[in-house]
Number of protein chains: 2
Amino acid sequence: MAEHLLRCESCSVRHRAVCGALEHAEIERLNAIAHHKLLPPGHVILHDNAEMHYFANIVSGVVKLTKTLADGRQQIVGLQFASDFLGRPFRAQSPYTAETVTDVHLCTYDKGKFERLVKDIDGFEHRLFQHTLDELDSAREWMLLLGRKSAGEKVASFLLMVARRMETIGCKASDDPNRPRFNLPLSRAEIADFLGLTIETVSRQISRLKVDKIIGLEGNRTISILDMRRLMAAMEQERD
Amino acid sequence: MAEHLLRCESCSVRHRAVCGALEHAEIERLNAIAHHKLLPPGHVILHDNAEMHYFANIVSGVVKLTKTLADGRQQIVGLQFASDFLGRPFRAQSPYTAETVTDVHLCTYDKGKFERLVKDIDGFEHRLFQHTLDELDSAREWMLLLGRKSAGEKVASFLLMVARRMETIGCKASDDPNRPRFNLPLSRAEIADFLGLTIETVSRQISRLKVDKIIGLEGNRTISILDMRRLMAAMEQERD
DNA sequence: AAAGCAATTTGCTTTCGATCAAGGCAAATT
DNA sequence: AATTTGCCTTGATCGAAAGCAAATTGCTTT
């Protein structure tokens, strides 16, 4: 029973997309069909157009969605962090590959049972719909980056995006809120695939930020943002 | 009465996203709140984060969704053709600008009334949700193009996309189905903004396709695809 | 601590697309 | 008819990022 409540905590509280608008009783119904899964880095959850047999909330870790050309060029088209939702209700297939980037803890729901709950619980599909609109917005934001930003701007945007994301899921290991410090979940190769650049260009841009004392590096993965103002300037502001 | 039925035809039959799953009686309810609007090219329907007071189906013409950086660099993040839906149910704002590219005929619905119908008609929101998933898929498809394709591949992909789109909405003026011929709705500048290229690069790539006898040009806007096979080869195939 | 190995960085060269600058063409204006 | 204007094409040059080849760093394993 205590364990059950714990599971409720770990799944409901953190999973904005699915549970944000639900009553406690309904979250209990979700928890009743929930299972948990631990996956190692590099695990392919869904291979291109294959069928996915479950939905899931990410409890911890990072999942990447990728698309690949015939000759191997790859583009990351989505990054899902803790509290994000995985899967497409009422769709058999997804035209991309989903793969774990780090150790990932999933809270999974059987496809059929979940879809029945979605139909059953008032406002649930509405909630998923709004979440998909959010995903569409960030995809389009990223299209602007891919099509029109320079390598320097891309890397700065990426670091700020990850920093913000790590913060909202409570992963920052920092005292000063203006100087966030966190572990990059992605390798240089993955950052390159995310930004539409090569490994070398990503590395050079990160080195430049380090030389300019805008960021600090400990090892390859631990980044601290030393000068938030200049990092944001390096990213360029949107308007319209 | 006759006019009413005509409007029914022009709105229901062609608007997949909204009406695809609806019964005739429900389409009638939609038609009851429908108004029509004719807009000239270059008309801004929605300016960045401004509020949009109506939803609409596009009866004819093309609408572009754009995002712009502070210094004027622009990226088209969506292209909507006839039968596409415009607007975001239950959202006040959209983080991009929507602007007509050609003369556009809209079938509009008052925001409040439309949202009431969405809540009222069973399966309507589900339908809109699935349509948004489609939009997300094409946005991600385009991210792969923006991040990883060469200028030549981008232009070839664009021409094939437009050809397919013009065909499905019945705008091709061609006898041979393997040699589609159509009017480009976009200027060179707009194609460039769509592909993340410059005007000059777009022009050069189109010229190259013409010299190679893969496409034919009459004037600047009328394109015929002469060698579908080689155009598709120029685009590169996806896999994964 | 040393070895082994993969990931990252760095230097050098090349290439693709951007930028700059004319020039052509057709429709609109006078 | 002459001029302007907008849009597109073409040529020449430039520059940012890609490509390639070491060198280096940072983990793992022993």
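In what follows, chains are A, B, ... by sequence order, proteins preceding strands, each numbered from 1. Not measured: the values here are computed from a predicted model.
- Between A:D193 and B:R148 there is a salt bridge, with a side-chain nitrogen of the basic residue lying less than 4.0 Å from a carboxylate oxygen of the acidic one.
- Computed from coordinates, the A:E218 CD to C:dT9 P distance equals 14 Å when rounded to whole Å.
- A:D137 pairs by the side chain to side chain contact (heavy atoms under 4.5 Å, CB included) definition with B:R88, B:R91, B:P95, B:Y96, not counting sequence neighbours.
- The side chain of B:N220 lies closest to D:dC8, out of C:dG17, C:dT9, D:dC8.
- Ion pairing between a basic and an acidic side chain is recognised when a charged N comes within 4.0 Å of a carboxylate O; A:R165 and A:D84 show such pairing.
- B:R208 has its CZ atom 13 Å from the P atom of D:dT10, to the nearest Å.
- Each of D:dT9, D:dA17, D:dG19 was ranked by its minimum atom distance to the side chain of A:Q205; first place goes to D:dA17.
- Distance, A:R188 CZ to D:dG26 P: 11 Å, rounded to whole Å.
- Of the candidates C:dC12, C:dG17, C:dT19, C:dT19 carries the atom nearest the B:E200 side chain, counting heavy atoms from C-beta on.
- Annotation: the terminal axes of the helix from C:dA1-D:dT30 to C:dT30-D:dA1 meet at 40°, where each axis is the rotation carrying the C1' atoms of four end pairs onto the next four (5 pairs per end, rounded to 10°).
- Counting only residues at least two apart or in different chains, salt bridge (charged side-chain N to carboxylate O under 4.0 Å, His left out) contacts with residues 200-209 of chain B comprise B:R208-B:D212.
- Of the side-chain N and O atoms in A:T198, one or more sit less than 4.0 angstrom from OP1 or OP2 of D:dA18.
- The six-membered or imidazole ring of B:F194 lies near that of B:F158, with a centre-to-centre distance under 6.0 Å.
- How far OG of B:S187 is from CG of B:N220: 10.0 Å, rounded to the nearest 0.5 Å.
- If you check every strand for non-hydrogen atoms under 4.0 Å, A:L197 touches sugar and phosphate atoms only.
- Protein atom CG of A:L195 is 10 Å distant from nucleotide atom P of D:dA18, rounded to whole Å.
- The base of D:dG26 does not come close enough to the side chain of A:R221 for any donor and acceptor atom to sit less than 3.5 Å apart.
- Taking 4.0 Å as the cut-off between side-chain N and carboxylate O, B:D227 and B:R229 do not count as a salt-bridged pair.
- Here C:dG17 presents its P atom at 14 Å from NZ of B:K149, a figure rounded to the nearest Å.
- Judged by atom type and distance alone, A:R204 reaches the base of D:dG19 through a side-chain donor-acceptor pair under 3.5 Å.
- Going from atom NZ of A:K154 over to atom P of D:dA17 covers 8 Å, rounded to whole Å.
- Using a 4.0 Å cut-off between charged nitrogen and carboxylate oxygen, A:E135 and B:R140 count as a salt-bridge pair.
- Phosphate proximity of D:dA16 to A:T201: absent, as no side-chain N or O sits under 4.0 Å from OP1 or OP2.
- Listed nucleotides D:dT9, C:dT9, C:dG17 differ in distance to A:I199; the shortest reach to its side chain belongs to C:dT9.
- Residue-to-nucleotide proximity on DNA chain D shows that, of A:G219 and B:L217, the 5′-proximal contact is made by B:L217.
- The phosphate of D:dT9 has OP1 or OP2 within less than 4.0 Å of a side-chain N or O from B:S203.
- In this structure, CG of A:D193 is placed 15 Å from C1' of C:dT8, rounded to the nearest angstrom.
- Atom CD1 in B:I191 sits about 14 Å away from atom C1' in D:dT9, given to the nearest Å.
- For A:S150, taking side-chain heavy atoms from C-beta onward, the closest of the listed nucleotides D:dT9, D:dA17, C:dT9 is D:dA17.
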